[in-house]
Structures are given as C-alpha cells and as structure tokens.
Amino acid sequence: NSPYAKLKDSLKLLQENVNLVIEMICAIDPAKEDVRQNELLVPLLDSIGKQRPKLAELICTIQDEDIMLLLLDVNDRVNN
C-alpha cells in the first residue's frame, strides 16, 4: 500500500467534483439562470476553491512523480 494512497483517493475525488462542476456550468443557460444563485453549484465551487492553498502546498512538498502529475492536473482544473 502506497503511503500516498489516501492522498491519491482524495485527489481523484476532488478531480471528479471539478468535472461535475464543469458539467453543471456547461448545462446552465445564462439567459435563464444566474450561476451564482444555483443552490447546488455554489457550495461545490466554494468547497473546491478552499482546496487551492492545500494543492499549492502539496505541489511544493510531494516527491512522488505519479502523485505530482495528479496534483498538477487537479490544480490546473481547479484554477481554470
């Protein structure tokens, strides 16, 4: 069992949440709904946004190449 197994699982969950948010945003018709008023989307966006400092910290400290690649991918998705 990798020492990074729990972190990897957490990163994959975050990645899935980011993908879900992207799908939800794409499905919203801005002419009919304000994204900032969406009851499901706003908490998800807040939760994902709160992960930014932790991602940055991990990028500076993780030595495992596979975890680093996952971290960079998740970080890119969170920040775009």
Shortest non-hydrogen separation from [X] to [Y] and the atoms involved:
X	Y	result
Ile59	Met68	O-CE, 3.1 Å
Asn38	Glu33	ND2-OE2, 2.9 Å
Ile25	Leu41	CG1-CD2, 3.6 Å

Going only through I, L, V, M, F, W and Y residues with side-chain contacts under 4.5 Å, is there a path from [X] to [Y]?
X	Y	value
Leu13	Val21	no
Val42	Leu14	no
Leu72	Ile67	yes
Ile48	Leu40	yes

Determine whether a donor-acceptor pair (N or O, by modelled atom type, separation under 3.5 Å) exists between the side chain of [X] and the backbone of [Y].
X	Y	value
Arg52	Val78	yes
Ser47	Pro43	no
Asn75	Leu71	no

Is there a side-chain contact between Ile62 and Leu7 in this structure, where contact means two heavy atoms from C-beta onward sitting under 4.5 Å apart?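 In contact.
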
Could you tell me whether the side chain of Asp66 reaches within less than 4.5 Å of the side chain of Lys8, counting heavy atoms only? no

Assess the residue pair Asp46 and Lys50 against the criterion (salt bridge (charged side-chain N to carboxylate O under 4.0 Å, His left out)); give the C-alpha distance rounded to whole Å, side-chain angles, the decisive distance to 0.1 Å, and a yes or no. CA-CA 6 Å; Asp46 288 343; Lys50 289 177 183 174; over 6 Å; no

